[in-house]
Amino acid sequence: MRLLVTGGAGFIGSHYVRQALSGAYPSLADAEVVVLDKLTYAGNRENLAPVADSPRLHFVEGDICDAETVVAAMAGTDLVVHFAAESHVDRSIAGSSEFVRTNVLGTQTLLQAALEAQVGKFVHVSTDEVYGSIESGSWPETHPLEPNSPYSASKASSDLLARSYFRTHGLPVCVTRCSNNYGPYQFPEKVIPLFTTNLMDGTKVPLYGDGLNVRDWLHVDDHCHGIQLVADGGRPGEIYNIGGGTELTNRELTTLLLEATGTDETFVQPVIDRKAHDRRYSVDITKISTELGYEPRVPFAKGLADTVKWYADNRAWWEPLKARSA
Ligand code: NAD
């Protein structure tokens with residue numbers, strides 16, 4: 001079994017690789033794991049340090065838009081799990097060309113190479129943001145795509161390319177659409193690690209608008225478990241939502257982080273809302289639950305406490321990243 005993981009040096013991809021190489025996924029117990037990652041600002045070899053000595057890990061530094069690199073990395077691959085992307089909404093508002101290049105062209109380059117290499121399964125990791133924003137209720141996988149940011153539009157485009165390679169060519173593609181992930185090794189630009197590390201440093205946290213935007217929080221370990229269920233048993237051509245089951249306003253989340261870090265309201269700095277800020281995301285996970293037996297296993301309170309502790313214990317990991325992006 002040979003597995004190709006794109007973006008395996010990023011937050012979610014590295015969790016998946018660490019789990020795969022630590023025996024968490026029985027079907028991958030003997031798999032050779034090839035990580036293809038460009039090591040952008042969000043990619044970090046340190047994220048793979050716990051498994052760096054594994055003889056089953058093969059790291060390729062390269063760009064998913066580079067067909068020659070992708071074809072070489074794809075040779076002999078049975079399973080592709082495609083995480084690599086530009087992933088931060090705010091950066092896509094500041095400039096979207098890299099999002100279109102990596103998320104759209106990069107995904108097409110991978111799909112084409114996977115088709116030519118006749119891979120057995122291609123899991124495309126997408127996002128619930130492709131659905132847009134929902135005031136009440138939850139999206140089923142059949143909901144139309146109405147992305148609002150350049151990031152989510154580029155992800156929706158790659159979703160549709162993935163679908164087309166199944167419909168047109170019969171490539172066995174599954175698409176997963178997950179909610180907001182949190183956990184260790186998340187780059188400190190996303191809200192939980194940004195707020196946690198700011199508060200640990202005695203710096204204020206920027207809370208967008210009225211703070212009432214709602215997100216569903218999914219522990220990265222639950223997300224990766226869901227992805228593996230799809231890799232093992234997902235039906236080709238199908239889409240599977242993956243959610244965490246804990247909806248919070250950003251204001252509620254901020255209060256929890258103030259409590260967890262022993263700080264208070266004086267550390268909250270309201271800032272002008274993000275452009276086109278989606279009000280609420282909520283995925284219906286009935287399909288993956290009934291077909292594949294998925295359920296989130298990490299209680300949010302424990303997941304958040306463990307995550308805050310990880311950032312407290314791992315300053316050496318995040319301080320240089322924050323210094324570089326300041
Ligand atoms: P991340 O930004 O932490 O990591 C992205 C990784 O992709 C990095 O290692 C980076 O170096 C690599 N990469 C970027 N461009 C590349 C290129 N051109 N070629 C090769 N590698 C490249 O992202 P993440 O949070 O781990 O997200 C992983 C996937 O999950 C993404 O597809 C993202 O859209 C999706 N997703 C994330 C979340 C979340 O909450 N983090 C939620 C929904 C969906």
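FYI, the numbering just counts along the sequence from 1.
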Does a side-chain heavy-atom distance below 4.5 Å link Tyr240 with Ile227? no

Within 45 degrees of the axis of the six-membered ring of Phe59 and under 6.0 Å from its centre: does Arg45 put its NZ or CZ there? yes

Parallel, tilted or perpendicular: which fits the ring planes of His223 and Phe83, with parallel below 30° and perpendicular above 60°? perpendicular

If every non-hydrogen atom of Ser27 is compared with every non-hydrogen atom of Gln228, which pair is closest and at what distance? OG-NE2, 3.2 Å

When rounded to the nearest 0.5 angstrom, what distance separates CD in Glu61 from NZ in Lys38? 10.5 Å

Could you check whether any side-chain N or O of Lys121 sits under 3.5 Å from a backbone N or O of Gly234, counting only pairs where one atom can act as donor and the other as acceptor? yes

Kindly say whether the aromatic ring centers of Phe195 and Phe267 come within a distance under 6.0 Å. no

Tyr165 ring center near Phe122 ring center (under 6.0 Å): no

May I ask you to decide if the ring planes of Tyr311 and Trp317 are parallel, tilted or perpendicular, using 30° and 60° as cut-offs? perpendicular

Charged N to carboxylate O below 4.0 Å: is that the case for Lys155 and Asp159? no

Do His277 and Tyr208 have ring centroids that are under 6.0 Å from one another? yes

Look at the rings of Trp310 and Tyr185 and say which category their plane angle falls in: under 30° parallel, 30 to 60° tilted, over 60° perpendicular. tilted

Answer yes or no: is there a side-chain heavy-atom contact under 4.5 Å between Ile192 and Thr196? yes

Worked verdict on Asp313 versus Lys309 for salt bridge (Lys or Arg N to Asp or Glu O under 4.0 Å): CA-CA 6 Å; Asp313 292 345; Lys309 182 172 183 329; 2.5 Å; yes

4.5 Å side-chain heavy-atom contact, Met74 and Leu4: yes

For residues Val308 and Leu257, determine if any side-chain heavy atom of one lies less than 4.5 Å from a side-chain heavy atom of the other. yes

Do Leu79 and Val81 have side chains that approach each other closer than 4.5 Å (heavy atoms only, starting at C-beta)? yes

Does some side-chain heavy atom of Lys287 sit less than 4.5 Å from a side-chain heavy atom of Asn241? no

Residue pair Glu247, Ser282: steps toward the side chain to side chain contact (heavy atoms under 4.5 Å, CB included) verdict: CA-CA 8 Å; Glu247 285 190 23; Ser282 181; 2.8 Å; yes

